[in-house]
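Notes follow the structure.
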2 protein chains.
Amino acid sequence: MKPLILISNDDGYHAKGINSLIDMVSDFGEILVCAPESARSGFSTAFSATTPLRLKLRRKREGMNMWSCNGTPVDCVKLALSELCPRRPDIVIGGINHGDNASVNSHYSGTMGVVREGCMKYIPSVAFSLCDHRDEADFEPLRKYVRTILSGVLRDGLPKGVCLNVNFPLASEFKGIKACRMAHGTWGSEVVRARHPRGYDYFWLVGKYTNDEPEAEDTDNWALTHGYVAITPTTIDVTDYEMIDKIKGILRKS
Amino acid sequence: MKPLILISNDDGYHAKGINSLIDMVSDFGEILVCAPESARSGFSTAFSATTPLRLKLRRKREGMNMWSCNGTPVDCVKLALSELCPRRPDIVIGGINHGDNASVNSHYSGTMGVVREGCMKYIPSVAFSLCDHRDEADFEPLRKYVRTILSGVLRDGLPKGVCLNVNFPLASEFKGIKACRMAHGTWGSEVVRARHPRGYDYFWLVGKYTNDEPEAEDTDNWALTHGYVAITPTTIDVTDYEMIDKIKGILRKS
């Protein structure tokens, strides 16, 4: 039986990134897409606890069904697994995202939400993102790498509880692939105050990202700024094991 | 100068949990609350990229200002840090949540969103949650432990990039505190289909949680089901370092 590939994103089912991805991977197996009906950037691993969700079939052809959902990226995966998939998917793919999801952006990212949800269901899951926010971003240079990574993961799987966060620099050719750790970085100047015509203040969230360790060559941020594809293997288990021992020491003393 | 304590949650500024917390910690310092104007359970580390945000002063007394925000738990922290805090807070506290945030719920949790956001800003951050979803849950048994943990963190700080996820079992007395790792668990039966009066199907997300390693005594789920307070130190760095080496090996071979 052909592999079943579940695809979602956070930019919406109509985005160029997800449609480029479908085009790149269609011959690998049967494709099921369930993606938000409009943009859900910054939705992280959020799910809808109180919103009634709806599904709409948007496109259907031999080997490819595309659905949209009014919920979050995670909702899309949950609904697809429960209501749409003819069997358990062999892989969950998030993306291709318009904009990078390296460093702390991994936490905010709805694309990573897709992949975390797949991974929490013990399905091999991979996120692809390109450092280009534009609607018309060119995803074509990614094709070869996306296909190589997809065929590797379909062949070998991934360890339980580990997903891949793959980020591509904005370039027409890449220098290679680097397996990276997540950089420490911070967002600042995040709030812009504005004045509503009715006379009250409101706020927009924006901000500027700073890589707090620009010299660290083992990080995703470094790889991206130096022209490499960054693969950051990402865990669901977010325990800090060193700190467990420290706390145990404190508890014994008290 | 008295410590500045920034408090938020995902149940909303009116919830019993956050108000119990304020009462428990008010004498430690100056309190600034910025919490969602209504419930935001399951909002994870989401922020509002496209929604105009508003702040409302809800309550004000000597040493305590409480604001509400129409955004996510993370939005509350970002706006508080940028617009409301008279100085950098000494600690960010999330909670006390009505319902547990152990195991994979850590990823979905808006309470943990609060704390991740504080931690990503390099501020010591602690989440408190009680295994009781009810509006009228009794938080009083937690008082002693919340105060002990808060004074410890105010005194010693926390390592950069590590926050604490503290969960309390539903009990009138606790057997003690355990430093834990996050359990592997899964949500199943998550989708319930319903029929709208207008004749279309819609879906509610619900579900049943299963602890996939109930015998593992070093996990948060085990601690909670056996009457202990569970402290799970949680990292912002979600890199799987073992997997980096494996991928490097594969890349060298290919």
Side-chain angles (χ1 to χ4, degrees), chain A residues 39 41-50 52-55 72 75 78-79 82-83 104 106-108 113 116 120-122 152 159-162 177 179-182 184 186-187 190-191 193-194 200-205 231-241 243-244 247-248 250-251, chain B residues 39 41-50 52-55 72 75 78-79 82-83 104 106-108 113 116 120-122 152 159-162 177 179-182 184 186-187 190-191 193-194 200-205 231-241 243-244 247-248 250-251:
Chain A
S41 288
F43 267 59
S44 185
T45 314
F47 74 94
S48 298
T50 54
L53 297 173
R54 291 187 65 184
L55 292 169
T72 70
D75 294 344
K78 287 183 189 288
L79 283 180
S82 170
E83 305 298 315
V104 290
S106 171
H107 288 292
Y108 299 122
R116 283 207 166 85
M120 284 192 272
K121 295 287 188 290
Y122 305 141
K160 185 174 131 176
V162 184
I177 304 181
C180 305
R181 70 172 172 89
M182 184 174 150
H184 289 285
T186 33
W187 282 91
E190 292 181 295
V191 180
R193 187 185 286 253
Y200 61 81
D201 281 351
Y202 65 96
F203 306 91
W204 294 112
L205 289 184
I231 301 189
T232 311
T234 299
T235 62
I236 294 301
D237 181 358
V238 290
T239 310
D240 186 300
Y241 285 90
M243 190 69 191
I244 287 188
I247 297 174
K248 279 184 179 165
I250 295 166
L251 293 176
Chain B
S41 288
F43 268 57
S44 185
T45 314
F47 73 95
S48 298
T50 53
L53 298 172
R54 291 186 65 184
L55 291 169
T72 70
D75 295 343
K78 287 184 189 290
L79 283 180
S82 170
E83 305 298 315
V104 290
S106 171
H107 288 293
Y108 298 123
R116 282 205 167 85
M120 285 193 272
K121 295 286 188 290
Y122 304 142
K160 187 174 129 176
V162 184
I177 303 181
C180 305
R181 70 172 171 90
M182 186 175 149
H184 288 283
T186 32
W187 282 91
E190 292 181 295
V191 180
R193 188 184 285 252
Y200 60 81
D201 281 351
Y202 64 96
F203 305 91
W204 294 112
L205 289 184
I231 300 188
T232 311
T234 299
T235 63
I236 293 302
D237 181 357
V238 290
T239 311
D240 186 301
Y241 285 89
M243 190 70 191
I244 287 188
I247 297 174
K248 279 184 180 166
I250 295 166
L251 293 176

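Residue numbers start from 1 in every chain, and the chains themselves are labelled A, B, ... in the order their sequence lines are given, proteins ahead of strands.
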Set of side-chain contact (heavy atoms from CB on, under 4.5 Å) partners for Ser82(A), sequence neighbours left out: Val191(B)

Residue pair Tyr108(A) / Thr45(B): nearest heavy atoms and the distance that separates them: CD2-O, 3.4 Å

Partner chain B: residue of Phe43(A), Tyr200(A), Trp187(A) with the largest heavy-atom pair count (under 4.5 Å): Tyr200(A)

Student check: side-chain heavy atoms of His184(B) and Tyr122(A) closer than 4.5 Å: yes

Ser106(A) versus chain B, the contacting section by heavy-atom distance below 4.5 Å: side chain

Partner chain B: residue of Asp240(A), Asp75(A), Ile247(A) with the largest heavy-atom pair count (under 4.5 Å): Asp240(A)

Nearest heavy-atom neighbours spanning Leu205(B) and Lys78(A): CD1-CD, 3.9 Å

When Lys248(B), Lys121(B), Met120(B) are compared by non-hydrogen pairs under 4.5 Å with chain A, the top option: Met120(B)

Considering all heavy atoms, the nearest Pro233(A)-Met243(B) contact: CB-CG, 3.4 Å

Contact class of Val238(A) relative to chain B, heavy atoms under 4.5 angstrom: both

Option in Thr232(A), Ile231(A), Leu79(A) with maximal non-hydrogen atom pairs under 4.5 Å from chain B: Leu79(A)

Under 4.5 Å from any heavy atom of chain B - which part of Pro52(A): both

Ser41(A) versus Ala49(B), closest heavy-atom pair with distance: O-CB, 4.0 Å

Portion of Val104(B) that has a non-hydrogen atom of chain A nearer than 4.5 angstrom: both

Shortest non-hydrogen separation from Ile244(B) to Cys180(A) and the atoms involved: CD1-O, 3.2 Å

Side chain Thr239(A), main chain Arg181(B), donor-acceptor under 3.5 Å: no

Thr235(A) and Met182(B), any side-chain heavy atoms less than 4.5 Å apart: no

Distance, nearest 0.5 Å, that separates CZ of Phe47(A) from OG of Ser44(B): 9.5 Å

Residues that Arg193(B) engages under salt bridge (charged side-chain N to carboxylate O under 4.0 Å, His left out), provided they are two or more places apart: Glu83(A), Asp201(B)

Under 4.5 Å from any heavy atom of chain B - which part of Thr50(A): backbone

